[in-house]
Amino acid sequence: MENTDVDAIIQRSLEGAPISLEEAEALLSKREPRSLDRLFGAAREVKQRNFGNKVFFYGFVYFSTHCRNNCSFCFYRRSNASSVRYRKSEDEILSLSTSLADSGVHAIDLTMGEDPIVHKDDHYRRLIDLVQKVNDAVDTPLMLSPGALPHEVFGDLREAGADWFACYQETHNRELFCRLRPEQSYDMRLFQKKWAREAGMLTEEGIMVGVGESVADRAHSIMTMKRLGVDQIRAMSFVPQHNTPMEKHGPSPFLDELVTLAVMRLVHPTKLIPASLDIEGIGGLAPRLDAGANVITSIIPPLKGLAGVAQHELNIDDGGRSMENVECLLDELGARKASLSDYSDLLRRCRAAGA
Ligand code: SAM
Ligand code: MD0
Ligand code: SF4
């Protein structure tokens with residue numbers, strides 16, 4: 001496809017026309033500097049129209065890194081004996097959540113591996129109680145990223161105070177899913193988003209970039225995210241991990257992720273799209289915001305013994321991912337922090353749109 005075709009797709013999209021699957025694929029394929037400038041420029045324009053230069057911050061509390069699963073890309077897979085394993089106590093989780101809330105994050109993402117202790121527990125009482133206690137301790141909206149749960153738990157989690165449920169499919173190509181998440185059910189994972197939404201939670205879907213998917217797969221995922229009716233969507237570059245089956249799988253060129261974020265922004269103009277600090281650390285923030293992302297995720301307080309997911313230590317203990325540090329950089333990034341009431345208004349609009 002010629003540049004002019006890319007120009008025409010972008011122009012029509014800026015005028016409000018929806019992007020088709022074929023057009024998304026065409027945009028995702030472009031690598032000439034002129035097309036890329038045009039694409040990133042359009043993504044920024046669409047973000048500006050819908051959000052101005054306001055960005056949101058999500059604190060990240062990876063409270064248990066124990067996992068019963070064996071995802072081939074993940075540092076915390078059960079077979080990785082050299083992983084970093086810990087399980088934070090309830091008091092530690094409460095104190096981490098309170099200090100993140102005090103630092104002014106818009107949401108707190110409580111994340112765990114599929115910790116056997118939590119997943120074997122009777123009706124997930126431990127998890128539901130934890131959400132309830134954190135919710136009692138902070139006013140900040142809560143996201144939960146616990147892995148795949150049975151249908152009947154979602155209502156109780158919502159009631160306990162979970163505003164968001166995050167569970168990433170990684171890909172919408174079933175065959176690739178089986179290689180990435182062996183012994184796990186594609187449908188069960190896809191249903192998580194539906195069940196969470198039906199229970200009144202907002203939902204996040206995500207894909208990884210550079211795990212063996214084709215450009216057509218990426219386009220298909222971006223369109224599928226529309227059908228799922230999720231409220232936040234992400235793309236994260238695959239980061240190879242020691243002692244995992246994908247250790248030698250080449251790292252993903254970050255440009256592929258940036259292009260994916262920009263096409264996501266054009267296809268989903270009003271959705272929240274994270275710029276994760278968990279891929280390239282703080283140095284990766286500017287290009288992701290410039291590609292159309294508007295949520296800074298993986299804010300982690302230093303020296304608390306917390307890990308990231310794709311980058312388990314990068315910029316954590318040096319304070320690079322702290323709220324204070326990232327806030328200081330906003331001016332030079334041309335962004336400003338949205339207010340907490342901007343965020344609650346946004347969540348209200350998301351809920352009304354999904355109802
Ligand atoms: N255990 C839960 C689960 O898998 O849903 C919650 C953890 S979830 C936040 C971990 C996510 O981080 C994965 O779904 C994947 O998208 C991303 N991730 C994990 N390892 C990664 C890697 N090596 N490179 C890039 N992204 C990765
Ligand atoms: C992040 N490391 O925000 C986190 C994580 C889990 N819900 C999110 C992948 O980048
Ligand atoms: Fe466990 Fe989640 Fe890692 Fe898979 S991605 S091994 S479920 S922590």
Side-chain angles (χ1 to χ4, degrees), residues 1-56 204-207 209-210 213-237 252-276 279-280 284-297 330 332-336 338 342 346 349-350 353:
M1 194 174 283
E2 298 294 316
N3 267 332
T4 48
D5 297 327
V6 170
D7 284 349
I9 299 169
I10 291 175
Q11 192 51 42
R12 278 199 301 277
S13 151
L14 287 175
E15 286 160 10
I19 291 179
S20 69
L21 175 70
E22 293 71 28
E23 289 172 336
E25 193 178 335
L27 294 178
L28 287 164
S29 311
K30 290 288 143 194
R31 288 298 176 273
E32 301 85 31
R34 189 183 160 280
S35 302
L36 291 175
D37 280 354
R38 191 85 180 93
L39 177 65
F40 292 135
R44 284 194 294 275
E45 185 172 336
V46 169
K47 176 170 71 160
Q48 182 70 31
R49 280 185 199 168
N50 289 283
F51 297 95
N53 60 353
K54 292 177 185 171
V55 291
F56 304 95
E204 182 182 19
E205 173 64 308
I207 55 169
V209 175
E213 80 288 0
S214 63
V215 170
D217 287 333
R218 286 179 205 153
H220 171 61
S221 283
I222 294 174
M223 301 321 266
T224 303
M225 288 169 170
K226 237 181 161 176
R227 280 195 298 280
L228 291 174
V230 289
D231 306 279
Q232 182 168 305
I233 53 175
R234 72 165 62 214
M236 284 173 64
S237 300
S252 158
F254 298 126
L255 183 59
D256 290 349
E257 176 192 331
L258 301 178
V259 170
T260 307
L261 292 175
V263 177
M264 281 178 163
R265 174 53 70 210
L266 297 188
V267 176
H268 302 264
T270 61
K271 300 280 145 140
L272 291 159
I273 302 183
S276 175
I279 305 296
E280 292 184 89
L285 182 54
R288 286 167 177 77
L289 294 179
D290 285 345
N294 65 333
V295 186
I296 302 173
T297 64
L330 283 187
E332 63 189 76
L333 295 167
R336 74 194 165 96
D342 286 333
L346 178 66
R349 283 200 301 277
C350 290

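Hydrogens, waters and symmetry mates play no part in the numbers below; they use all other heavy atoms, side chains included.
- With sequence neighbours left out, A275 forms a side-chain contact (heavy atoms from CB on, under 4.5 Å) with L285, R288, L289, A293.
- Atom CE of M225 is separated from atom CD of E205 by 5.0 Å, given to the nearest 0.5 angstrom.
- Partners of R336 according to the salt bridge (charged side-chain N to carboxylate O under 4.0 Å, His left out) rule, which considers only residues two or more places apart in sequence or in another chain, do not exist here.
- The salt bridge (charged side-chain N to carboxylate O under 4.0 Å, His left out) check on R44 picks up nothing, with sequence neighbours excluded.
- With rounding to the nearest 0.5 angstrom, the CD1 atom of I273 is 12.0 Å from the OG1 atom of T297.
- For E213, the side chain to side chain donor-acceptor pair (under 3.5 Å) partners are R218, not counting sequence neighbours.
- Shown here for K226 and V267, the closest heavy-atom pair between the two residues is CE-O, 3.8 Å.
- Atom CD of E23 sits about 10.5 Å away from atom CD1 of I10, to the nearest 0.5 Å.
- Atom CG of residue L330 and atom CD1 of residue I296 lie 5.5 Å apart, to the nearest 0.5 angstrom.
- Taking both residues in full, the closest heavy atoms of L333 and A286 are given as CD2-CB, 3.4 Å, listed atom of the first, atom of the second, then distance.
- By the side chain to side chain donor-acceptor pair (under 3.5 Å) test, Q48 pairs with no residue at all, sequence neighbours left out.
- When the side chain to side chain donor-acceptor pair (under 3.5 Å) test is applied to R31, the partners found at least two apart in sequence or on another chain are D256.
- Checking M236, M264, H220 one by one against I207, the side chain to side chain contact (heavy atoms under 4.5 Å, CB included) holds for a single residue, M264.
- Under the 3.5 Å distance criterion, the side-chain polar atoms of E257 are left unmatched by any main-chain donor or acceptor of V209.
- Counting only heavy atoms from C-beta outward, the side chains of R38 and E32 never approach each other to under 4.5 Å.
- With sequence neighbours left out, the ring-ring contact (aromatic ring centres under 6.0 Å, His included) criterion links F56 to H106, Y343.
- Counting only heavy atoms from C-beta outward, the side chains of Q232 and P274 approach each other to under 4.5 Å.
- The distance from atom CG of L258 to atom CG of L36, rounded to the nearest 0.5 Å, is 9.5 Å.
- Taking T270 as the reference, N50 meet the side-chain contact (heavy atoms from CB on, under 4.5 Å) condition, with sequence neighbours excluded.
- In this structure, CG on L266 lies 10.0 Å from CD on E45, to the nearest 0.5 angstrom.
- Taking the side chain to side chain donor-acceptor pair (under 3.5 Å) definition, one finds that T260 meets it with nothing, sequence neighbours left out.
- Checking side-chain atoms of D290 against main-chain N and O of P287 turns up no donor-acceptor pair under 3.5 Å.
- Judged as a salt bridge (charged side-chain N to carboxylate O under 4.0 Å, His left out), and not counting sequence neighbours, K271 has no contacts.
- Taking the side chain as every heavy atom from C-beta outward, F51 and D342 never approach each other to under 4.5 Å.
- Summarising the geometry of I9 relative to A26, their closest heavy-atom pair is CD1-CB, 4.2 Å, with the distance given to 0.1 Å.
- Here D5 does not pair with K30 in a salt bridge; the nearest charged N to carboxylate O distance is not below 4.0 Å.
- A donor-acceptor contact shorter than 3.5 Å is absent between the side chain of N294 and the backbone of L272.
- Applying the side-chain contact (heavy atoms from CB on, under 4.5 Å) criterion to A219, with sequence neighbours excluded, gives L21, A24, E25, L28.
- By the 4.5 Å heavy-atom criterion applied to side chains, K54 and L346 are not counted as neighbours.
- A donor-acceptor pair under 3.5 Å links the side-chain atoms of R265 to the main chain of H268, judged by distance alone.
- Screening residues 227-237 for salt bridge (Lys or Arg N to Asp or Glu O under 4.0 Å), with sequence neighbours left out, gives E204-R234.
- In plain terms, the two heavy atoms of A262 and L39 that are nearest each other are CB-CG, 3.8 Å.
- Listed here is the closest heavy atom pair of A42 and L14: O-CD2, 4.1 Å.
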